[in-house]
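See below for the structure under consideration.
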Amino acid sequence: SAHVTRAGYQLHGPLNHFVASSQDIRRVHRPDGYEEEIGGPEVTSGLDPADWPNAVRNRQPNERPTTIVALARHRGQVVGAASVSADSDAVWQIGIDVPPDHRGRRIGAALTSRLASAVLKQGNVPYYSTPVGNIPSIRTALSAGFYLSWVDVFAAER
């Protein structure tokens, strides 16, 4: 860390990366009283990216396009959002956000499970990343059937 700081960079991570195969994915049921919607990027129309930083991204046209989106609703209000970005030709990342007042109900695991299955059906590998200290997010990945595949640390300009 001191070495990269002297060079004008900041160390980030460690960051866990989880993957899943069709044999690993677990079907996680959404809680009673919640509804799901799955579709393309148009599903996020009207959602503010600032409220959903991991799931709703404003991207440049050629930058890792969003391919699949899943929303969870409770009493008509969006209470969970997840999306898949095509990070490469074969490995697609799932990003998810659930507001604090709806966490702990397995909404994140249910949406992650649905999207992972959709990615696998398209012949791609789903992956899920989270910092090592984000225990609730790690539990979400594990609950949906993902397993730890690699960990990385990286440096970026300050």
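- No side-chain heavy atom of I107 sits less than 4.5 Å from a side-chain heavy atom of H74.
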**Asked** Under the side-chain contact (heavy atoms from CB on, under 4.5 Å) criterion, do F18 and I138 qualify, and how do the steps go?
**Response** CA-CA 9 Å; F18 298 83; I138 291 169; 3.9 Å; yes
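- Two residues are said to be in side-chain contact when any heavy atoms from C-beta on lie closer than 4.5 Å; P99 and W52 meet this criterion.
- Shown here are the salt bridge (Lys or Arg N to Asp or Glu O under 4.0 Å) partners of R73, two or more places apart in sequence or in another chain: E37.
- Residues passing the salt bridge (Lys or Arg N to Asp or Glu O under 4.0 Å) test with R105: none are found, sequence neighbours excluded.
- Residues V19 and Y147 have side chains in contact (heavy-atom distance under 4.5 Å, counting atoms from C-beta outward).
- To the nearest 0.5 Å, atoms NE2 (H17) and OH (Y128) are separated by 13.0 Å.
- Looking at heavy atoms from C-beta onward, D51 lies out of side-chain contact with L47 at the 4.5 angstrom threshold.
- Annotation: D89, atom CG; neighbour count of heavy atoms from other residues, nucleotides and ligands within 6.0 Å does not exceed 12.
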**Item:** Working for side-chain contact (heavy atoms from CB on, under 4.5 Å), residues T5 and R158
**Value:** CA-CA 9 Å; T5 300; R158 288 195 239 186; 3.2 Å; yes
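- Here the straight-line distance linking atom CG of L71 with atom OG1 of T44 works out to 7.5 Å at 0.5 Å rounding.
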**Request:** Could you walk me through whether N54 and I96 pass the side-chain contact (heavy atoms from CB on, under 4.5 Å) test, one step at a time?
**Result:** CA-CA 5 Å; N54 298 302; I96 186 157; 5.8 Å; no
**Prompt:** Going through the checks in order, is the side-chain contact (heavy atoms from CB on, under 4.5 Å) test met by I25 and F146?
**Reply:** CA-CA 7 Å; I25 289 300; F146 284 73; 3.9 Å; yes
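- Surrounding OH of Y9 are at most 12 heavy atoms belonging to other residues, nucleotides or ligands under 6.0 Å away.
- Around CD of E42, the count of heavy atoms belonging to other residues, nucleotides or ligands within 6.0 Å exceeds 12.
- A side chain to side chain contact (heavy atoms under 4.5 Å, CB included) with W92 is found for exactly one of V125, L115, N124, L120, namely N124.
- If you take OG on S129 and CG on D87, they are separated by 8.0 Å, rounding to the nearest 0.5 Å.
- Counting heavy atoms from C-beta on, the side chains of S143 and R106 come closer than 4.5 Å.
- At least one side-chain heavy atom of D97 sits under 4.5 Å from a side-chain heavy atom of P53.
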